[in-house]
Amino acid sequence: MKQFKIGRATYSESLIYEAYGGLQNDGIMLAVYYDVDAAKIIHQLDSWEKINDSPTISSILKNVSSYFGLDFVIPEIASGNFFLYDNSQHKELRSEAEMNTLLLHSEDVNFSLVVWDDEKHTIYIVEYRI
């Protein structure tokens, strides 16, 4: 979690799910961090976008959940924040238009997504390369 400047002392437990395939090690990695101390990450959250403003992020989370099948389902997140980073172009994506361009029109979809769930005090990190 250091790429998002979140240290080990901020959470109590984590789970990591990985699914790889394809010729170039394509796949999805999902890390879930529970019981995160919001006070220790509040300065990061201030610069992230609100999740309720982004139907694209909700769609990504549903697709990731379906990728892992019954192993793990990301719950609906009503209140929280997110940070989406395009690893191919090395830039943060903030607008729905930028996100849709990445997801719908890129030959190489390669991004990192971190989502904060306000209600559950949980962080979900998705590394996606298809």
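- Using a 4.5 Å heavy-atom threshold, the side chains of Ile125 and Ser112 count as separate.
- At least one side-chain heavy atom of Ile51 sits under 4.5 Å from a side-chain heavy atom of Leu61.
- Considering all non-hydrogen atoms of both residues, Phe82 and Met99 come closest at CZ-CE, 3.8 Å.
- Using a 4.5 Å heavy-atom threshold, the side chains of Val126 and Met29 count as separate.
- Here Ile42 contributes atom CD1 and Leu45 contributes atom CG; the two are 5.0 Å apart, rounded to the nearest 0.5 Å.
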Run Ile74 and Leu30 through side-chain contact (heavy atoms from CB on, under 4.5 Å) and show every step you take.
CA-CA 10 Å; Ile74 299 170; Leu30 169 65; 4.1 Å; yes
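- Between the side chains of Trp116 and Asp118, at least one donor N or O lies within less than 3.5 Å of an accepting N or O.
- Side-chain contact check for Tyr34 versus Ile123: every heavy-atom pair is 4.5 Å or farther apart.
- Ser65 contributes atom OG, which lies 12.0 Å from atom CD1 of Ile60 (distance to the nearest 0.5 angstrom).
- The shortest distance between side-chain heavy atoms of Asn87 and Tyr128 does not fall below 4.5 Å.
- Taken from CG in Asp35 to NE2 in His121, the straight-line distance is 9.5 Å, to the nearest 0.5 Å.
- Annotation: side chain of Tyr124 is in contact with side chain of Asp117 (closest heavy-atom distance under 4.5 Å).
- Lys40 and Gln44 get closest at one heavy-atom pair: O-OE1, 4.1 Å.
- At distances below 3.5 Å, not a single donor-acceptor pair connects side-chain atoms of Ser59 with backbone N or O atoms of Pro55.
- Heavy-atom minimum distance, Glu92 versus Phe83: CD-CE1, 3.2 Å.
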Go through the steps for Glu98 and Asn100 under the test side-chain contact (heavy atoms from CB on, under 4.5 Å), then give the verdict.
CA-CA 6 Å; Glu98 288 178 314; Asn100 286 324; over 6 Å; no
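- The pair Glu127-Arg129 fails the salt-bridge criterion, with no side-chain N (NZ, NE, NH1 or NH2) lying under 4.0 Å from an Asp/Glu carboxylate O.
- Looking only at atom types and distance, the side chain of Glu49 has no donor-acceptor partner in the side chain of Ser54 under 3.5 Å away.
- Scanning all heavy atoms of the two residues, the minimum distance from Arg94 to Ser47 falls at NH2-O, 3.1 Å.
- Across all their heavy atoms, Leu102 and Val109 have their closest contact at O-CG2, 3.7 Å.
- Contact between Asn52 and Ala78 at its shortest, heavy atoms only, is CB-O, 4.0 Å.
- Val115 is not listed as a side-chain neighbour of Thr122, based on a closest heavy-atom distance of 4.5 Å or more.
- Remark: the Glu119 side chain and the Ser79 side chain contain no N/O donor-acceptor pair separated by less than 3.5 Å.
- Note: Leu113 CG to Ile57 CD1 = 5.0 Å, rounded to the nearest 0.5 Å.
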